[in-house]
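Given the structure is predicted, the values throughout are model-derived calculations rather than measurements.
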Amino acid sequence: MIPRYTRQEMGKVWSDGNKFAKWLEVELAATETLAEAGLVPKDAAARNSLSQVIVARINELESRVKHDVIAFTMAVGDRSLIRPPRAGCTTA
């Protein structure tokens, strides 16, 4: 988005930080479901919820791997005790 033509509220909606925060919400929901199914430890979601999404780290990884979702999962995995933090939740 072009900053001079963007209202602050709308800019926040489309920011990388908001995008990654929404992706983290999906990861946490998936982790909770995996824990309920016994596929990951029961406290996995709590441990992942402590992960902070660091936009600069994700952008750094993306410049290396050339894929935003992979960079995101790597960054969350760096801050999580669960590796990988996701299973089967990906773009096609």
Side-chain angles (χ1 to χ4, degrees):
M1 298 192 77
I2 300 170
R4 70 174 177 232
Y5 300 124
T6 305
R7 291 185 180 193
Q8 187 175 10
E9 298 84 10
M10 189 58 73
K12 287 178 185 177
V13 169
W14 294 102
S15 70
D16 283 345
N18 189 54
K19 173 176 75 172
F20 298 138
K22 297 301 180 191
W23 287 3
L24 185 59
E25 288 178 23
V26 172
E27 295 299 330
L28 295 174
T31 302
E32 288 172 5
T33 301
L34 292 171
E36 289 172 8
L39 299 173
V40 299
K42 294 216 181 274
D43 65 342
R47 288 186 280 182
N48 272 349
S49 68
L50 299 176
S51 298
Q52 292 181 334
V53 179
I54 309 279
V55 175
R57 175 67 176 147
I58 295 169
N59 289 336
E60 172 192 334
L61 290 167
E62 185 179 0
S63 71
R64 192 175 79 219
V65 299
K66 308 294 187 222
H67 195 287
D68 58 348
V69 176
I70 291 173
F72 171 79
T73 58
M74 289 172 69
V76 172
D78 286 349
R79 304 179 69 73
S80 173
L81 298 174
I82 306 297
R83 291 187 185 271
R86 64 196 346 248
C89 303
T90 188
T91 56

Steps toward side-chain contact (heavy atoms from CB on, under 4.5 Å) verdict (F20, I54): CA-CA 9 Å; F20 298 138; I54 309 279; over 6 Å; no

Passing candidate, side chain to side chain contact (heavy atoms under 4.5 Å, CB included) with W23, options I58, D68, V76: D68

From CD1 (I70) to CZ (R64), nearest 0.5 Å: 11.0 Å

Nearest atoms (heavy-atom pairs only) where V55 meets D16: CG1-CB, 3.9 Å

Least distance between heavy atoms, V65 atom then M74 atom: CG1-SD, 3.9 Å

Sequence-distant partners of E60, side-chain hydrogen bond (donor to acceptor under 3.5 Å, both in side chains), two or more places apart: R57

Atom of A35, atom of P41 and distance for their closest heavy-atom approach: CB-O, 3.7 Å

Reported CG-to-OG1 distance for the pair L28 and T33, which is rounded to 0.5 angstrom: 11.0 Å

Counterpart residues, salt bridge (charged side-chain N to carboxylate O under 4.0 Å, His left out), relative to E25 (two or more places apart): K22

